[in-house]
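Here's the structure we're looking at; comments come further down.
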Amino acid sequence: MNWAEFFYMGGRGVYVWGAYGVTFLVFAIEIALVRHKRSLTLRQVRELREAGE
Amino acid sequence: MNTLSVWQLLVLVVRRDLLLAMRRRADVFTTLIFFVMVVSLFPLGVGSEMELLRKMAPGVLWVAALLASMLSLGRLFSADYVDGTLEQMMLAPQSLSILVLGKMIAHWMVSGLPLVLIAPVLGIQFDLSVPAQGVLVLGLLLGTPVLSMIGGIGAALTLGLRGGGVLLSLLVLPLCIPVLIFGTGAVYAISAGLNEAMVSNLALLAAMLMFSLVLTPWVSAQALRISME
Amino acid sequence: MAINWFKYSAPSTFYGLAGKLIPWFALPAAVLFVIGLYIGFFIAPTDAVQGEAYRIIFIHVPASILSMFLYLIMAGYAALGLIFNTRLSSMMASAIAPTGALFAFISLWTGALWGKPMWGAWWVWDARLTSELILLFLYFGFISLHASIDDPRRADRAAALLAVVGSVNVPIIYFSVKWWNTLHQGSTIKFTGTSMHVAMQQAMFITLVACWLYAIAVALTRVRSIILERERHTKWVADLAEVKA
Amino acid sequence: MLEVSHLACSRGDHRLFSDLSFVLESGQIMQVQGENGSGKTSLLRTLCGFLSPESGKILWDGTDMRELAEDYFANLLYLGHHNAIKDELSGVENLRISAGLAGIALDDKQAVAALRRMGLKGRERLPTKVLSQGQRRRVALVRLLLGNAKLWVLDEPLAALDVGAVELVQTLIAEHLARQGMVIFTTHQPLEIAGMEMRRLSLS
């Protein structure tokens with residue numbers, strides 16, 4: 001089972017890797033967005049806290 | 001203090017909204033004209049080949065009816081919300097659901113019933129057979145009230161929001177899909193000669209009508225309380 | 001000892017608890033994905049009928065299951081928030097919605113990519129795929145209604161009511177679409193093969209669990225940000241270590 | 001008898017007032033005072049059930065108003081900033097509808113009489129959109145004549161009223177109090193009821 005055959009996937013490589021590729025890309029995007037939202041919210045809360053003092 | 005009976009209250013609200021609609025007759029016709037225009041666009045887009053039009057007719061008419069009732073739903077509560085009458089209705093010593101049901105019926109009579117009455121005329125435009133037209137009209141008669149009632153929930157939820165009209169349709173259209181499916185399914189069944197399928201489609205439509213009659217006023221009243229806070 | 005669940009329903013305590021739990025969901029999710037896909041690609045045999053394309057089911061079927069159940073869980077949390085007025089459950093509902101919508105999209109995407117080799121068309125008006133599309137619309141409805149209301153309390157309650165109405169409609173939509181499908185196309189297309197090889201079942205089950213763990217980890221992370229945002233004026237947020245840093 | 005105990009209200013995350021308690025007995029009138037934004041309107045709207053309070057309870061004759069719901073509304077009349085009348089309808093139509101909603105079957109003659117009493121003689125059947133702002137406010141105030149609600153919640157009742165109308169409103173309030181009714185209101189203009197001790201509730 002060498003790598004070339006693996007990616008060829010019996011001629012269906014485009015579909016299989018198209019499906020999994022997008023899926024994990026979307027997962028990655030969601031994780032990035034969630035982490036970004038967290039740091040954004042933390043920064044806002046920090047600014048609010050400084051403003052509060 | 002003789003509180004009005006539930007029936008009298010319902011009639012009061014329906015007559016009130018119809019009176020208001022009559023005072024601004026233009027609104028009644030805009031929904032109707034929109035419906036006719038959307039339906040007439042399809043042959044222009046698709047070509048006038050009769051066989052194809054006959055097959056598409058139920059879908060076109062039903063989608064146009066769906067869009068037409070969405071169009072006028074935005075005003076179901078917003079006019080009363082703006083001038084404060086909705087507040088007074090919420091303070092009425094009767095259950096809010098009855099008032100909301102009354103408004104939904106009035107909305108249906110203004111925007112749903114005219115579509116049902118004019119559907120046969122448009123049916124001719126699509127060369128529908130007479131039984132098919134009959135089933136189409138019956139389906140619309142059973143289905144359009146459901147659109148007004150489910151739409152009432154959407155109208156109550158999006159009360160006073162910017163972009164209310166589009167948002168309303170976005171919320172409500174997915175919920176109206178079963179009505180669209182059974183309404184068009186009945187006509188498709190009759191033209192394919194499957195009479196039992198036609199009857200069961202209409203029966204399902206009637207079931208959805210009863211289901212909505214019971215539930216949507218209450219849900220819409222809750223939505224109003226949430227929106228008015 | 002009776003765990004005082006209500007202690008954890010207060011946003012401040014839940015924030016800390018969720019923070020500790022996230023790694024316990026995130027890491028196993030990654031590990032299980034690797035194991036599941038390894039079995040799916042290297043141990044599960046080539047399908048007699050569908051060749052290699054069937055391997056997409058290891059992500060397509062879990063995604064469809066997730067999208068359906070996450071909607072019901074979201075509606076459940078929303079209903080809890082509506083009835084008991086607990087802010088935390090409404091926050092959980094809006095934390096789950098994007099992930100649910102994401103899984104619905106993945107289910108559609110992978111369904112289309114699987115449909116092409118199988119039935120020669122990117123989009124097949126099959127009952128399951130069509131209901132999935134409508135479910136995605138329901139998610140968009142929830143998210144856009146919640147986003148278009150400024151006051152968080154009203155946004156939660158309005159979106160909650162829509163979610164409850166939506167969840168009542170999901171079965172109705174599914175059966176009407178099934179009915180519509182049989183009326184127009186005769187029979188629905190069977191998704192999974194007749195008899196599934198044990199390795200296939202194992203792989204799908206593992207990826208399913210992996211998806212669940214992933215969904216929980218992401219939802220918990222998102223709910224923590226929502227809690228921070230909603231409770232930004234409170235003292236406990238101001239005293240948080242990460243806020244002070 | 002209206003009893004409010006430890007009421008707290010907030011708008012968004014801004015606390016308007018907290019731990020507010022008072023009792024309003026039959027025949028009493030109370031003015032809610034406080035500068036703008038201190039939550040006067042929010043208090044009145046909370047009494048009508050439009051806003052749910054952060055904490056505290058509102059009791060009507062000893063029962064929580066949320067349990068009474070419709071029965072509580074039967075005893076309540078709310079006059080807000082909006083006139084709550086439809087511009088396309090005439091004074092008579094508007095009055096008969098709001099009477100019907102309040103549970104009173106009013107015939108044409110009674111409606112015309114009430115509108116006349118509010119100084120709208122000869123304009124009873126005109127669509128209210130042609131009336132002046134003051135006259136429109138009078139049509140809104142005609143609901144006070146329906147006389148079935150025990151508790152009047154009035155938000156700026158004298159706004160946009162000419163002198164004659166102010167007199168009329170004060171007479172109506174006096175009659176209402178004489179009938180053991182209750183009034184809680186806010187106002188920017190002075191509102192005096194002869195021979196009545198005016199209780200004041202300050203929010204700021």
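Note on naming: letters A, B, ... go to the chains in the order of the sequence lines (proteins, then strands), and numbering restarts at 1 for each one.
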remark   = Taken to the nearest 0.5 Å, the spacing of B:Phe211 CZ from C:Asn169 CG works out to 7.0 Å
ask   = Do C:Ile149 and B:Thr158 come within less than 4.5 Å of each other through their side chains, counting heavy atoms only?
value = no
ask   = What's the shortest heavy-atom distance between C:Arg154 and B:Leu157, and which atoms?
value = NH2-O, 3.3 Å
ask   = What parts of residues 188-200 of chain B touch chain C if we use heavy atoms and a cut-off under 4.5 Å?
value = B:Tyr188, B:Leu194, B:Ala197, B:Ser200
task = With sequence neighbours left out, write down each residue that passes side chain to side chain contact (heavy atoms under 4.5 Å, CB included) with B:Val38, or none if nothing qualifies.
result = B:Phe34, B:Phe42, B:Ala64
query = Heavy atoms, side chains only, cut-off 4.5 Å: are C:Val168 and B:Leu215 in contact?
reply = no
ask   = Checking heavy atoms, do the side chain of B:Ile177, its backbone, both or neither come under 4.5 Å from chain C?
value = side chain
message = Using heavy-atom distances under 4.5 Å, tell me whether C:Leu161 contacts chain B through its side chain, its backbone, both, or neither.
response = side chain
ask   = Quick one: CG on B:Leu170 to CD1 on C:Ile143, what's the gap to the nearest 0.5 Å?
value = 10.5 Å
task = May I ask you to check whether over 12 heavy atoms, not counting those of B:Trp108, lie within 6.0 Å of atom CH2?
result = yes
request  = Name the option with the most non-hydrogen atom pairs under 4.5 Å to chain C; the candidates are B:Asn201, B:Ile153, B:Leu173.
outcome  = B:Asn201
query = Quick one: what part of C:Asp150 sits under 4.5 Å from any heavy atom of chain B, side chain, backbone, both or neither?
reply = side chain
note = So, the part of B:Leu204 with a heavy atom under 4.5 Å from chain C: the answer is side chain
note = Between B:Ile181 and C:Ser176 the two heavy atoms that sit nearest each other are CG2-O, 3.5 Å
message = Going by salt bridge (Lys or Arg N to Asp or Glu O under 4.0 Å), name the pairs with one or both residues in residues 81-92 of chain B, residues two or more places apart or in two chains.
response = B:Asp83-D:Lys86, B:Glu87-D:Arg45
Those residues of residues 129-138 of chain B, ordered by number, that approach chain C below 4.5 Å (heavy atom to heavy atom) = none
Selection from C:Leu82, C:Leu138, C:Leu145 maximising heavy-atom pairs under 4.5 Å formed with chain B = C:Leu145
query = Relative to chain C, which segment of B:Leu167 carries a heavy atom at a distance below 4.5 Å: side chain, backbone, both, or neither?
reply = side chain
key: Heavy-atom contact with chain B under 4.5 Å, split by part of C:Leu133   = neither
key: C:Trp212, CH2: over 12 other non-hydrogen atoms inside 6.0 angstrom   = yes
request  = Please determine, among B:Thr184, B:Leu159, B:Thr216, the option with the most heavy-atom pairs under 4.5 Å with chain C.
outcome  = B:Leu159
note = Okay, C:Val164 and chain B: the region with an atom under 4.5 Å from a heavy atom over there is neither
remark   = Between C:Gly166 and B:Leu175, the two heavy atoms sitting closest are CA-CD2, 4.1 Å
inquiry  = Does C:Tyr77 have more than 12 heavy atoms from other residues, nucleotides or ligands lying within 6.0 Å of its OH?
reply    = no
query = Which pair of heavy atoms, one from C:Ser148 and one from B:Arg162, lies closest together, and at what distance?
reply = O-NH1, 3.2 Å
